[in-house]
Asks: 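One structure is given below, represented as structure tokens, and several questions about it will come after.
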Amino acid sequence: MNSRKGIFIMLMGMFFISHFVFAQRYLPSAVPDRVILTWKDDPAHSQAVTWRTSIYASGSAAQIAVASATPDFPKSAITIPATDDFLNAEGLVALYHSVNFSGLQPSTKYAYRVGNDSAWSEWFHFTTASEKPGPFSFIYFGDAQNDLKSLWSRAIREAYTKAPGADFMIHAGDLVNRGRSDAEWGEWFYAGGWIYGMLPSLPVPGNHEYGKRSPEATTRELTPHWDKLFTLPENGPEGLERSVYYTDFQGTRFISLDTQAFFENEKAQKSQIDWLETVLKNNPMRWTVVVHHHPIYSPAFGRDNPELRAAFKPLYDKYGVDLVLQGHDHTYGRGGNETHGARVKAKSGPVYVVSVSGPKMYISGFEDWMDNAAVNLQLYQVVHISNDSLKYEAFTVTGELYDAFTLVKEKNRSNTFYDLTPAGMPIFGDLPPRYIQNMDTVEVKEYQTRFQQFKKRTGRE
């Protein structure tokens, strides 16, 4: 009995130790980690960087110099003290630091590092934007959310391999599954690693970045991690400055909206609608890309956001938004504008895309607005903008080109749309066995009927 009791106690002890290690596996230290580039100001003349250390790493700073092929460039580096902020995440206290490099030269490669004299990071590179419109590219990710270290990691790493010359990355919400979980943020940063320190990120929050502060709370709030992890523009409406913002990059305006805040309260609805119209009305850029989490048109079966569509779609049409990038529905859908229930390519209407980069998947509704679709497929997207042309490409995480189109800007600022879907590429719409196990025969038959009708309508039988 004593022997068995001893084994039981030992096993329980091992369980609690392993549980503690699992929960605390991304502990901060004196060495900087979670280094990530974002923008707070003009991308041609500034660059923001944020990182994390233990609470004992005082005197943190960033050093920056014009990058050189010789190893002597650090001699010309200047040191900028960091702004520090504490975060207590489920009992794990860490110190977050941020520096906004300003007064930079446009179209210039810089080297920087962060830390202090006790522990510096490696030297990273970034390149400032041009002051003038010019060719550039970016990577867009739908929801990462789950299995970030094991499965989403291949999405961001394959994307960087496919487009190493990209200028930045867009994350369309639900970066993690539980916004208040520091361990999940640890996985998100583990997955991207040093890429975050080289390519700036434009993140928007999703519903999973929101949560209740306590079980008794009646409303959900944006995770406190958000402001600590990302140094973002503060040009949004009052109260939403760091989750609603816009960034102008080489002739294109990128507008980031907080659709979860939109659903949380009426004040956030009105303030975003009014702010969006002002930003669109006073937009001198040739191209306009809007990013938000919940879709205007949902590709997933049984989902819809009529309030969001009623609020934002008229503004997208009125002011000639070109492209709307979204997430939330864990399936792929791409299509044009829709008016009065009929699919049309309206000159004033944007192309809508919903995509998913993580492993969590939903069933497609193969809705009328969709011109291409995919089920149970991890994807990332690369977008190239060059003066009068916007080229969009969606790749699987194993490198196949799955979807593509080009928009050509005409003299009257309307777009001509060219569908470049790869010839012979089948639609990934067949249900895997694990889906069918959770559906009855009627549901399976209805799905197969929708899929066949979609293939017939799009000429890809």
Side-chain angles (χ1 to χ4, degrees), residues 15-16 18-28 33-34 36 38 50 52 85-96 141-156 169-193 196 201-230 232 240 242-243 256-265 268 291-295 300 303 326-331 355-362 378:
F15 169 79
F16 284 117
S18 64
H19 178 73
F20 177 79
V21 171
F22 177 82
Q24 305 291 331
R25 57 186 166 176
Y26 297 104
L27 295 173
D33 66 5
R34 302 188 183 183
I36 186 167
T38 54
T50 311
R52 183 189 75 155
D85 203 354
F86 287 95
L87 176 64
N88 185 337
E90 299 175 326
L92 178 62
V93 182
L95 195 57
Y96 285 80
F141 298 102
D143 299 32
Q145 190 172 341
N146 303 94
D147 298 307
L148 298 162
K149 179 181 177 181
S150 63
L151 290 174
W152 183 69
S153 55
R154 64 183 187 150
I156 187 170
M169 300 179 286
I170 285 176
H171 308 273
D174 282 5
L175 285 64
V176 298
N177 190 46
R178 295 178 299 141
R180 289 179 175 266
S181 170
D182 192 78
E184 291 190 20
W185 285 110
E187 286 202 9
W188 190 81
F189 275 93
Y190 184 100
Y196 297 126
S201 288
L202 292 179
V204 302
N207 54 299
H208 283 268
E209 276 73 60
Y210 274 73
K212 292 183 179 181
R213 183 178 299 183
S214 67
E216 298 77 25
T218 57
T219 59
R220 293 193 289 176
E221 301 175 354
L222 184 61
T223 172
H225 277 84
W226 193 263
D227 286 348
K228 307 300 186 294
L229 293 171
F230 308 122
L232 298 171
L240 297 170
R242 297 276 288 273
S243 64
S256 303
L257 299 175
D258 187 343
T259 50
Q260 185 58 35
F262 177 94
F263 289 118
E264 289 292 333
N265 63 78
V291 186
H292 49 73
H293 183 61
H294 298 80
R303 287 195 160 203
Q326 306 144 109
H328 188 60
D329 280 351
H330 297 268
T331 188
S355 191
V356 54
S357 58
K360 180 181 177 182
M361 299 292 172
Y362 292 165
Q378 282 183 262

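These numbers come from the heavy atoms of this one structure, side chains and all, not from hydrogens, waters or symmetry mates. The structure presented is a predicted model; accordingly, all values stated were derived computationally and were not measured.
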Asks: Using every non-hydrogen atom in the two residues, find where P28 and V93 come nearest and quote the distance to one decimal.
Replies: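 Shortest heavy-atom contact: CG-O, 4.1 Å.
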Asks: Output yes when a side-chain donor or acceptor of N265 lies under 3.5 Å from a complementary backbone atom of A268, and no otherwise.
Replies: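 Looks like yes, one N/O pair under 3.5 Å.
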Asks: Describe, in one word, how the ring planes of W185 and W188 are oriented to each other, choosing from parallel (under 30°), tilted (30 to 60°) and perpendicular (over 60°).
Replies: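 Because their plane-to-plane angle is over 60°, the rings of W185 and W188 count as perpendicular.
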Asks: If we only count heavy atoms from C-beta on, is the V204 to L257 side-chain gap below 4.5 Å?
Replies: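 A side-chain contact is absent here, since even the closest heavy-atom pair is not under 4.5 Å.
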Asks: Please tell me if the side chains of R180 and K212 come closer than 4.5 Å, counting only heavy atoms from C-beta onward.
Replies: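 R180 vs K212: side chains apart.
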Asks: Taking the side chain from E209 and the backbone from L175, do they hold a donor-acceptor pair closer than 3.5 Å?
Replies: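 A pair under 3.5 Å: yes.
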Asks: Which pair of non-hydrogen atoms, one from P359 and one from N146, has the smallest distance, and what is that distance?
Replies: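 Shortest heavy-atom separation between P359 and N146 comes out as CD-O, 3.2 Å.
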Asks: Is any side-chain heavy atom of D174 less than 4.5 Å from a side-chain heavy atom of N207?
Replies: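 D174 vs N207: side chains touch.
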Asks: Of all heavy-atom pairs between Q326 and P295, which one has the smallest distance, and what is that distance?
Replies: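 Minimum heavy-atom contact is OE1-CA, 3.0 Å.
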Asks: Roughly how far apart are D258 CG and L222 CG, rounded to 0.5 Å?
Replies: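 Interatomic distance, D258 CG to L222 CG, rounded to 0.5 Å: 6.5 Å.
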Asks: When you check the side-chain N and O atoms of H225 and D182, is any donor under 3.5 Å from an acceptor?
Replies: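 Yes, side-chain donor-acceptor contact under 3.5 Å.
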Asks: Just verifying a value: how many Å separate F230 CZ and S243 OG, rounded to the nearest 0.5 Å?
Replies: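 Rounded to the nearest 0.5 Å, the CZ-OG separation comes to 12.0 Å.
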Asks: Should we say atom OH of Y190 is surrounded by more than 12 heavy atoms from elsewhere, each under 6.0 Å from it?
Replies: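 No, because the 6.0 Å sphere around OH of Y190 holds 12 heavy atoms or fewer from other groups.
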Asks: Below 4.5 Å, heavy atoms only, C-beta onward: do H208 and Q260 meet side chain to side chain?
Replies: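 Side chain of H208 against side chain of Q260, heavy atoms only: no contact under 4.5 Å found.
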Asks: Among side-chain atoms of R34 and Y96, is any donor-acceptor pair under 3.5 angstrom?
Replies: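 Y96 and R34 do have a side-chain donor-acceptor pair below 3.5 Å.
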Asks: Nearest 0.5 angstrom please: R213 CZ to T223 OG1, how far?
Replies: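 One gets 11.0 Å once the value is rounded to the nearest 0.5 Å.
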Asks: Please report the C-alpha distance between L229 and I36 in whole Å, then the side-chain angles of each, then the deciding distance to 0.1 Å, and finally whether the side chain to side chain contact (heavy atoms under 4.5 Å, CB included) criterion is met.
Replies: CA-CA 8 Å; L229 293 171; I36 186 167; 5.6 Å; no
Asks: Report the residue from K360, H171, H328, H330 that forms a side-chain hydrogen bond (donor to acceptor under 3.5 Å, both in side chains) with D143.
Replies: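 Between D143 and the candidates, side-chain hydrogen bond (donor to acceptor under 3.5 Å, both in side chains) is satisfied uniquely by H330.
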Asks: I need the single residue from K149, R178, Q145 that forms a side-chain hydrogen bond (donor to acceptor under 3.5 Å, both in side chains) with E184. Which is it?
Replies: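 Between E184 and the candidates, side-chain hydrogen bond (donor to acceptor under 3.5 Å, both in side chains) is satisfied uniquely by R178.
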Asks: So Y362 and R303, side chain to side chain contact (heavy atoms under 4.5 Å, CB included) or not? Walk me through it.
Replies: CA-CA 11 Å; Y362 292 165; R303 287 195 160 203; 3.4 Å; yes
Asks: Of the non-hydrogen atoms in I156 and M169, which two are nearest, and what is the gap between them?
Replies: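 So the minimum-distance heavy-atom pair works out to CD1-SD, 4.1 Å.
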Asks: NZ of K228 to CG of L95: how many Å apart, nearest 0.5 Å?
Replies: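 Reported value, rounded in 0.5 Å steps: 11.0 Å.
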Asks: Begin from the C-alpha positions of S201 and Y196 and carry the test side chain to side chain contact (heavy atoms under 4.5 Å, CB included) through to its verdict.
Replies: CA-CA 7 Å; S201 288; Y196 297 126; 4.1 Å; yes
Asks: If I take atom CD from residue E187 and atom CG from residue D147, how far apart are they, to the nearest 0.5 angstrom?
Replies: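 One finds 7.5 Å between CD of E187 and CG of D147.
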Asks: Identify the two heavy atoms, one from F141 and one from S357, that lie closest to each other, and give their separation to 0.1 Å.
Replies: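 That closest heavy-atom pairing would be CB-OG, 3.8 Å.
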Asks: Quick one, H294 and F262 - any side-chain contact, counting heavy atoms below 4.5 Å?
Replies: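 No, side chains not in contact.
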Asks: Quick one, E264 and E221 - any side-chain contact, counting heavy atoms below 4.5 Å?
Replies: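 SC-SC contact between E264 and E221 ruled out.
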Asks: Are the side chain of R220 and the backbone N or O of Y210 linked by a donor-acceptor pair below 3.5 Å?
Replies: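 Side chain of R220 to backbone of Y210: no pair is present.
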Asks: Mind listing the closest non-hydrogen atom pair of R242 and L232 along with its distance?
Replies: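 The answer is O-CD1, 3.2 Å.
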